[in-house]
Protein chains: 2
Amino acid sequence: MASATRDRIVEASSELLRKQGYMATGVKQIVAEASAPFGSIYHFFPGGKEQLGEEAIRHSGALYGQLLDLFFVPGADPVAATESFFAGAAATLRESGYADACPIATVALEISSSSEPMRRACAEVFESWIDAAAGSLAEAGIEPGRARTLAISMLCSLEGAFVLARALRSTEPVEVAGRTSAAAVREALPVRRAHHRAGRARG
Amino acid sequence: MASATRDRIVEASSELLRKQGYMATGVKQIVAEASAPFGSIYHFFPGGKEQLGEEAIRHSGALYGQLLDLFFVPGADPVAATESFFAGAAATLRESGYADACPIATVALEISSSSEPMRRACAEVFESWIDAAAGSLAEAGIEPGRARTLAISMLCSLEGAFVLARALRSTEPVEVAGRTSAAAVREALPVRRAHHRAGRARG
DNA sequence: GTCTATAATTTGATAGAC
DNA sequence: GTCTATCAAATTATAGAC
């Protein structure tokens with residue numbers, strides 16, 4: 001049963017958790033932002049703040065996964081997709097005053113050693129992103145094992161760039177990480193056309 | 001004036017902030033861990049929790065910077081140094097039950113949009129690490145501008161790998177990031193001896 | 001400088017009227 | 001299901017005895 005109030009609460013939680021993290025976000029702030037009555041929190045989420053946090057993580061994870069799919073469309077150039085994705089992340093960062101980076105990273109670090117349900121949710125979201133990216137890279141002709149390693153490497157670059165960018169108040173790390181990641185994809189891609197420097201023979 | 005109590009408080013704060021983050025760490029827990037009287041917090045740190053947090057960040061930053069220097073010693077092979085550093089990070093992660101990763105990343109994300117003094121402290125620590133790594137890479141013969149970009153890229157990989165590793169409860173991201181970073185250093189290094197694949201001519 | 005008691009506020013969570 | 005009043009506990013911070 002879909003409830004509009006319930007949805008608003010999850011969405012408001014997702015946004016607040018992205019900007020502030022889990023510990024800094026109070027349930028009162030959530031209901032205020034969601035224009036929901038206070039009691040609704042415990043009506044819809046009997047597990048309290050922790051259950052709400054878990055659902056918000058999964059919600060954010062699915063949304064960001066859809067954003068990923070928007071760039072890595074089947075058949076498109078994965079190098080260009082990588083460049084565009086990082087450029088978009090940098091723009092979002094700048095436009096939000098360096099508040100909107102990864103929707104779950106802050107929470108992931110905060111609760112990693114204190115909430116097993118939330119930690120598990122974060123892990124599943126990260127895995128889903130890795131699977132999606134690896135799938136796209138494999139579709140572009142990269143051997144599956146290498147595609148997975150490359151996807152992990154790209155996600156590491158992105159997440160780390162977010163940490164540095166928010167602290168430094170600069171998009172430079174995201175731009176550097178984007179160039180590095182795009183180059184890595186280019187290197188891993190099987191050679192299709194001419195004038196390609198390395199020219200490593202490939203089955 | 002150096003005070004043993006004051007030092008213990010800063011050290012205890014650094015450890016707790018690394019494992020739990022800023023918001024989850026209470027001043028009572030800090031004094032308990034430091035075996036210090038409660039009043040000492042506000043005697044030594046009139047600025048309260050925020051000032052203490054700032055000092056803890058700078059303390060952790062200096063310590064971790066020394067660790068970096070331990071690997072990237074002048075004259076040594078930066079590729080081996082990179083491999084060793086990431087391997088060490090993975091070991092620390094595993095041995096601590098995935099609690100000890102970057103000493104300031106969690107706090108950096110948490111307070112990025114809420115505490116300017118602490119955000120600035122995190123930024124200065126990150127800059128110092130980048131400068132140190134870039135200096136070592138430049139000493140190894142990499143052109144300064146490229147050395148700086150490479151250092152940023154490596155730090156992004158490391159920080160992102162920490163985020164993933166803690167959530168996934170796996171050192172795989174750190175190992176992947178380590179291999180990627182070591183390879184990037186190898187590529188950027190001027191060719192010295194024979195049997196090197198690429199062989200890009202260099203001044 | 002050390003240490004305790006306590007203030008002032010905020011937190012997550014619950015009870016119960018409607 | 002909605003909404004309000006309120007609880008018990010925990011938080012940072014302060015006052016003041018020693």
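When reading the values below, keep in mind they use all heavy atoms of this one structure, side chains included, and skip hydrogens, waters and symmetry mates. All values derive from a computational prediction rather than experimental measurement. Here is the naming used below: chain letters follow the sequence lines, and residue numbers restart at 1 for every chain.
Within the structure, side chain to side chain donor-acceptor pair (under 3.5 Å) contacts touching residues 16-25 of chain A (residues at least two apart or in different chains) are A:K19-A:D100, A:Q20-A:T25.
Considering all non-hydrogen atoms of both residues, A:A134 and A:R148 come closest at CB-CA, 3.7 Å. Taking both residues in full, the closest heavy atoms of A:G21 and A:T106 are given as CA-CG2, 3.8 Å, listed atom of the first, atom of the second, then distance.
Partners of A:R169 by side-chain hydrogen bond (donor to acceptor under 3.5 Å, both in side chains), not counting sequence neighbours, listed by chain and number: B:S112. Take B:F44 and apply the ring pair (Phe, Tyr, Trp, His ring centres under 6.0 Å) test, not counting sequence neighbours, and it matches no residue.
With respect to the salt-bridge test (charged N to carboxylate O, under 4.0 angstrom), the residues B:E55 and B:R58 do not qualify. A salt bridge is absent between B:E11 and B:R8: the closest approach of a Lys/Arg side-chain nitrogen to an acidic carboxylate oxygen does not fall below 4.0 angstrom. At a threshold of 4.0 Å, the pair B:E83-B:R186 counts as salt-bridged, since one of the basic side-chain nitrogens sits closer than that to a carboxylate oxygen.
For the contact set between residues 45-59 of chain A and DNA chain C, defined by any heavy atom under 4.0 Å, the members are A:G48, A:K49. Shown for residues 27-44 of chain A: residues whose heavy atoms fall under 4.0 angstrom of DNA chain D, namely A:P37, A:F38, A:G39, A:H43, A:F44. Contacts between residues 104-120 of chain B and DNA chain C, defined by a heavy-atom separation below 4.0 Å, involve no residue at all.
Between the side chain of B:E50 and the backbone N or O of B:P117, no donor-acceptor pair lies under 3.5 Å. For the pair A:W129 (side chain) and A:A151 (backbone), a donor-acceptor distance under 3.5 Å is absent.
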